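Because the structure is predicted, anything quoted here is derived from the model rather than measured. By convention here, the first residue in the shown sequence is residue 1.
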Amino acid sequence: KQVIQVRTPLQLGNESRVIDLNGGERSLKKIIFVYKTVGNQKDKKAHVEIWGLKTNANASAPAKENTSVSADGNSSTSVTPSVAIMTSDKAGWHKIGERKVDFTNDRDEILVIGADRFSAIKFKVSEAAIDLQDLEVYYETGDKQVIQVRTPILLGTESRVIDLNGGERSLKKIIFVYKTLANQTDKKANVEVWGLKTNAKVSASAKENTSASTDGNPGTSVTPSVAIITSDKTGWHKIGERKVDFSTDRDEILVTGADRFSALKFKVTEAAIDLQDLEVYYETGDKQIIQVRTPIQLGLESRVIDLNGGERSLKKIMFKYKTLSNQKDKKAHVEIWGLKTNAKASTSSK
């Protein structure tokens, strides 16, 4: 661990100095920070964000081609691998990464980040078809698995499920070799790699943390859940989801990523809620307060809620709700979906 003395007030809306970490870029486990209340603010709560610098990172960028010239004057092209970004569905499948494949190349690579472990993978292809040949799966333990696929994946379809050695394991990278299918030399396919977590809690709810207050009484705080983006065919993307506890009447979802949304809606399963008010915080620093005041019955959706200013980047969404009668022993599962009107909705909407 590294102990750092900061000893500096952070004023409202400001940032700390940049705090260097020992040893260059390293994987972090946790960060504990000690702070004091600034005077005349005891009835307020600060929203604190921790940002980390990755000097070689461009996590959401596609792989880049780099051209270099050797000592004999010949040029060569190398590809910087794309980095995985996690999304998930309800069946335990998580999107490990995606890649625009260039038909001038026949070998591409996806780096796998995070501590997730997978037992199988599959490929999804859009925009063009490919003939998937061979895979090299590199594990965090240092060994690799070579898999012959030798199967065309047509536009809009998936490969077979490909089992990995040894059950659920941590992956380091996946290299895949493919061929161009006829009459597609001017097109690029978008290839997604998905991994199966058989024991995965796909819709994990926020955790409750119990701490003792200054008067010795225990208090419960809720760690906000972080958005996981999934999407349907009409431009709606799932921003986040939350198990709401009816002993609480206010919950929060942090919104990650660079997506921009023009409207919201709520979906409710497992129990009904009476949705009261929303506070939508934008990345620009302003917020929008919206009165909903509408019950959402089990299995139904709220009305579409328009956001100010068209498509905008969101920071977090806070929502207030009331318990509907005879449900105090149940917890509702609430999903928040955002509309991207310029989204590639995979051709037609339903």
Counting C-beta onward and ignoring hydrogens, is there a side-chain heavy-atom pair between [X] and [Y] closer than 4.5 Å?
X    : Y    : result
F123 : L135 : yes
L132 : V125 : no
E140 : R117 : no
V18  : L53  : no
I296 : V334 : no
I336 : F319 : yes
K340 : F261 : yes
E109 : I175 : yes

Interatomic distance, [X] atom [atom1] to [Y] atom [atom2] [nearest 0.5 angstrom]:
X    : Y    : atom1 : atom2 : answer
E98  : N190 : CD    : CG    : 5.0 Å
I174 : I147 : CD1   : CD1   : 8.5 Å
D277 : R250 : CG    : CZ    : 9.5 Å
I96  : L171 : CD1   : CG    : 5.5 Å
R242 : H333 : CZ    : NE2   : 10.5 Å
K29  : K1   : NZ    : NZ    : 12.5 Å

[X] with [Y], same ILVMFWY side-chain cluster at under 4.5 Å:
X    : Y    : answer
V149 : I153 : yes
L264 : Y281 : no
V177 : L111 : no
I162 : V191 : yes

Return the minimal non-hydrogen interatomic distance between [X] and [Y], and the atom names on each side.
X    : Y    : answer
A271 : A332 : O-CB, 3.5 Å
W194 : K95  : CE3-N, 3.4 Å
D163 : A120 : OD1-CB, 3.9 Å
E311 : S262 : CG-CB, 3.7 Å
A128 : A189 : O-CB, 3.5 Å
K267 : W337 : CD-NE1, 3.5 Å

Side-chain donor-acceptor pairs under 3.5 Å in residues 285-292, sequence neighbours left out?
unit_1	atom_1	unit_2	atom_2	d
D286	OD1	T284	OG1	2.3
D286	OD1	R312	NH2	3.0
D286	OD2	R312	NH1	3.4
D286	OD2	R312	NH2	3.1
Q288	OE1	Y282	OH	2.4
Q288	OE1	N308	N	2.9
Q288	NE2	N308	OD1	3.2

Sole residue of D106, V137, D108 in side chain to side chain contact (heavy atoms under 4.5 Å, CB included) with F176: D108

Test log, rule salt bridge (Lys or Arg N to Asp or Glu O under 4.0 Å), inputs R293 and D274: CA-CA 7 Å; R293 307 292 166 87; D274 187 1; over 6 Å; no

Working for side chain to side chain contact (heavy atoms under 4.5 Å, CB included), residues K320 and D249: CA-CA 6 Å; K320 295 180 184 178; D249 65 351; 5.9 Å; no

CD/E49: more than 12 non-hydrogen atoms of other groups inside 6.0 Å: yes

